[in-house]
Amino acid sequence: MITIMSHLSFSYMVNMSNIFKVTTILLSTMILVFGTTQSVVLESDENHIKSATFLSKSFEVGPGKIAVKTLFDIDFPKGHIGVKSFDVEVVDEDGNSVPLYETYLHHWFAVKYIENITMSHYIKQSHDFSNGIEYERNDGACQGFLLPHHWGLGGESRGTSSNLPNPFAVELGNPTKIKHGFKEKWLFNIMVIDTRGAYDRKGCSECRCKLLNLPKDFYNVTTNINGQLLSRNYKGGLFCCQDNLQCKLRNGFHGPTRKLFLRYKIRWVDWDEYQVPLKFYILDSADRVRSNGSTPVHDCQVEYTIPRIHDSDSPHVKKANIPMTKGGYLIYGTAHMHTGVVNATLYGQDGRVLCTSNPKYGTGKEAGNEKGYLVGMSVCYPKPGSIKIKDGEILTLESRYENKFRTGAMGHFYIYLTEQIPNKNLNI
């Protein structure tokens with residue numbers, strides 16, 4: 001079975017033998033369902049880029065309800081390909097974009113796994129994912145299976161570019177790299193919070209424990225990222241936003257339950273000798289790096305609480321010094337943050353700025369421009385070859401939030417690196 005820490009108390013996926021954790025921090029019960037495609041549109045342009053738009057299987061939410069789901073075997077382009085972009089949003093049954101103030105998209109993560117071909121029929125019929133499946137994480141530094149996804153954001157998804165410049169792409173489906181007798185598949189891990197009628201909409205979207213109808217024995221049975229009982233001082237975050245829990249509603253509020261979907265668009269090219277492969281790294285500003293002899297241990301916390309400092313107006317800064325075992329040329333960088341973010345910056349060991357990702361906040365009511373919500377993060381596209389991270393270089397990640405009490409804050413930085421730079425013109 002899989003448990004999720006959701007955006008950050010992520011115990012992302014804990015398999016039956018506890019070999020690893022998945023990154024949606026320990027939100028226990030995840031419902032396993034197979035994805036289905038409702039509509040697909042294929043396109044092609046002069047760069048031989050194809051695109052398809054898919055619809056996940058539905059999930060239900062009602063006023064104040066939290067949905068934390070794992071959707072296995074989602075539709076995905078087949079063959080040996082190079083993915084150029086991966087964009088996701090929440091839509092209703094009529095295909096309308098759902099605004100964040102109605103249903104807050106806390107996070108979505110796309111995780112790769114391989115499935116034993118001989119067990120595929122059994123797995124599909126029984127929904128038993130404890131055998132016959134192996135998860136394949138990204139190249140990031142976090143320990144175990146924390147933050148293992150290859151793509152994923154949250155409420156800022158609609159306004160954050162995922163496009164990769166030509167000729168760079170994420171190589172998938174290479175038959176020489178897939179274990180014999182297995183096939184490559186993908187899943188979504190998602191957390192959405194329906195805040196219609198919520199007593200405290202903002203606090204609900206931050207998973208404040210006191211604003212949720214928690215079970216009476218919640219603190220007696222709920223374990224944290226390290227497998228220990230959750231402290232009663234835990235004020236909010238992934239552990240309090242578990243599947244089917246309920247945010248407290250305003251007195252007398254009633255609203256309908258509705259079915260929602262993830263609509264996702266993937267752009268890709270057929271892999272050939274002209275494509276340049278990228279590696280994807282997720283860095284966590286809450287990573288409490290320590291050493292085990294000469295080996296660094298990345299104790300990622302995924303989320304953290306920001307206390308209100310009354311005698312200061314300066315932003316709250318969370319910082320981690322993260323050694324990179326393997327470096328490369330920086331091709332893309334952005335941050336995954338929450339509302340209240342000021343910015344996030346990644347520095348090289350010599351103090352040079354590698355990338356700063358700045359927020360965009362909404363000013364209206366329409367989906368993608370919701371007033372007061374984080375609706376996008378800026379992306380760095382340095383000139384290919386201009387920024388190189390050395391093997392073993394220690395990077396510093398700083399995430400900055402407003403000086404206000406906040407729970408479940410995240411400071412994740414996504415970077416794509418390549419080992420080679422082709423000698424030709426490059427276009428995004």
Side-chain angles (χ1 to χ4, degrees), residues 1-4 10-24 30 32-37 50 52 54 56 70-84 86 109-152 164 168-189 264 266 268-273 275-282 295 298 325-326 328 414 416-420:
M1 191 165 191
I2 286 186
T3 47
I4 271 194
F10 301 179
S11 184
Y12 248 102
M13 276 184 223
V14 178
N15 72 357
M16 297 303 287
S17 58
N18 290 323
I19 293 178
F20 47 63
K21 297 177 180 178
V22 175
T23 181
T24 294
M30 308 234 28
L32 312 177
V33 293
F34 289 87
T36 59
T37 302
K50 303 174 183 178
F54 304 95
S56 75
T70 298
L71 312 178
F72 277 86
D73 196 16
I74 65 172
D75 288 294
F76 207 92
K78 306 298 183 184
H80 189 187
I81 64 172
V83 174
K84 304 291 293 181
F86 196 132
F109 298 131
V111 180
K112 182 168 67 170
Y113 66 98
I114 56 174
E115 182 179 282
N116 189 318
I117 295 173
T118 62
M119 298 186 69
S120 293
H121 181 72
Y122 165 77
I123 292 170
K124 189 170 185 178
Q125 294 298 317
S126 66
H127 288 187
D128 177 7
F129 295 92
S130 60
N131 295 297
I133 282 180
E134 298 177 18
Y135 299 95
E136 297 189 344
R137 61 161 300 132
N138 57 58
D139 294 288
C142 294
Q143 79 280 6
F145 213 62
L146 281 179
L147 301 177
H149 51 285
H150 288 72
W151 289 277
L164 298 174
F168 304 102
V170 178
E171 183 184 12
L172 299 175
N174 186 339
T176 66
K177 296 181 180 180
I178 300 175
K179 185 186 297 188
H180 180 70
F182 284 74
K183 54 186 174 182
E184 189 175 276
K185 290 190 173 186
W186 290 83
L187 64 82
F188 275 136
N189 174 251
Y264 57 108
I266 302 175
W268 76 94
V269 294
D270 294 326
W271 195 264
D272 58 31
E273 67 274 19
Q275 310 306 317
V276 178
L278 294 172
K279 289 189 175 181
F280 178 56
Y281 296 79
I282 299 178
T295 303
H298 295 272
T325 302
K326 185 69 175 177
Y414 297 173
Y416 286 95
L417 303 181
T418 183
E419 296 179 1
Q420 54 183 309

**Message:** Go through it in stages, so that I can follow the logic: the residues are F76 and W268, the test is side-chain contact (heavy atoms from CB on, under 4.5 Å), and I'd like the CA-CA distance, side-chain angles, deciding distance and then a yes or no.
**Reply:** CA-CA 11 Å; F76 207 92; W268 76 94; over 6 Å; no

**Request:** Would you please test W271 and E171 for side-chain contact (heavy atoms from CB on, under 4.5 Å) and show each step?
**Result:** CA-CA 7 Å; W271 195 264; E171 183 184 12; 3.7 Å; yes

**Asked** Atom NZ in K185, atom OH in Y135: separation rounded to 0.5 Å?
**Response** 11.5 Å

**Message:** According to side-chain hydrogen bond (donor to acceptor under 3.5 Å, both in side chains), who are the partners of E184, at least two apart in sequence or on a separate chain?
**Reply:** none

**Message:** So which atom in L164 and which in V170 form the shortest heavy-atom distance, rounded to 0.1 Å?
**Reply:** CD1-CG2, 3.9 Å

**Complete:** dist Q275:CD -> H80:NE2 (nearest 0.5 Å) comes out at 9.5 Å

**Prompt:** Using 30° and 60° as the class limits, which term best fits the ring planes of H150 and W186: parallel, tilted or perpendicular?
**Reply:** perpendicular

**Request:** Could you check whether the rings of Y264 and F188 sit parallel, tilted or perpendicular, using 30° and 60° as the cut-offs?
**Result:** perpendicular

**Item:** Exercise: identify the closest heavy-atom pair between G132 and F182
**Value:** O-CE2, 4.1 Å

**Taking every non-hydrogen atom, the tightest pair across K112 and L172** = NZ-CD2, 4.1 Å

**Asked** Would you find a donor on one side and an acceptor on the other, under 3.5 Å apart, between the side chain of T418 and the backbone of P277?
**Response** yes

**Message:** Can you give me the closest heavy-atom contact between P77 and I81, atom names plus distance?
**Reply:** CB-CD1, 3.7 Å

**Prompt:** Should the pair Y414 and H149 be assigned to parallel (<30°), tilted (30 to 60°) or perpendicular (>60°) ring geometry?
**Reply:** perpendicular

**Message:** Among V111, I133, L71, which residue satisfies the side-chain contact (heavy atoms from CB on, under 4.5 Å) criterion with L187?
**Reply:** V111

**Request:** Please step through side-chain contact (heavy atoms from CB on, under 4.5 Å) for the pair F129 and H127, ending with a clear verdict.
**Result:** CA-CA 6 Å; F129 295 92; H127 288 187; 4.1 Å; yes

**Message:** For the backbone of I266 and the side chain of K84, can you confirm whether one donor and one acceptor N or O come within less than 3.5 Å of each other?
**Reply:** no

**Asked** Is the side chain of N138 donor-acceptor paired with the backbone N or O of P148 at a distance under 3.5 Å, no angle test?
**Response** yes

**Asked** Do the two ring centres, one from Y416 and one from F168, sit under 6.0 Å apart?
**Response** no

**Request:** Drop me the distance from K177's NZ to E136's CD, to the nearest 0.5 angstrom.
**Result:** 11.0 Å

**Step-by-step side-chain contact (heavy atoms from CB on, under 4.5 Å) determination, F72 to I123** = CA-CA 10 Å; F72 277 86; I123 292 170; over 6 Å; no

**Complete:** Output for pair (L417 CG, K326 NZ), nearest 0.5 Å, gives 10.5 Å

**Request:** Quick one: closest heavy-atom pair of R137 and F145, and the distance?
**Result:** CB-CE1, 3.3 Å

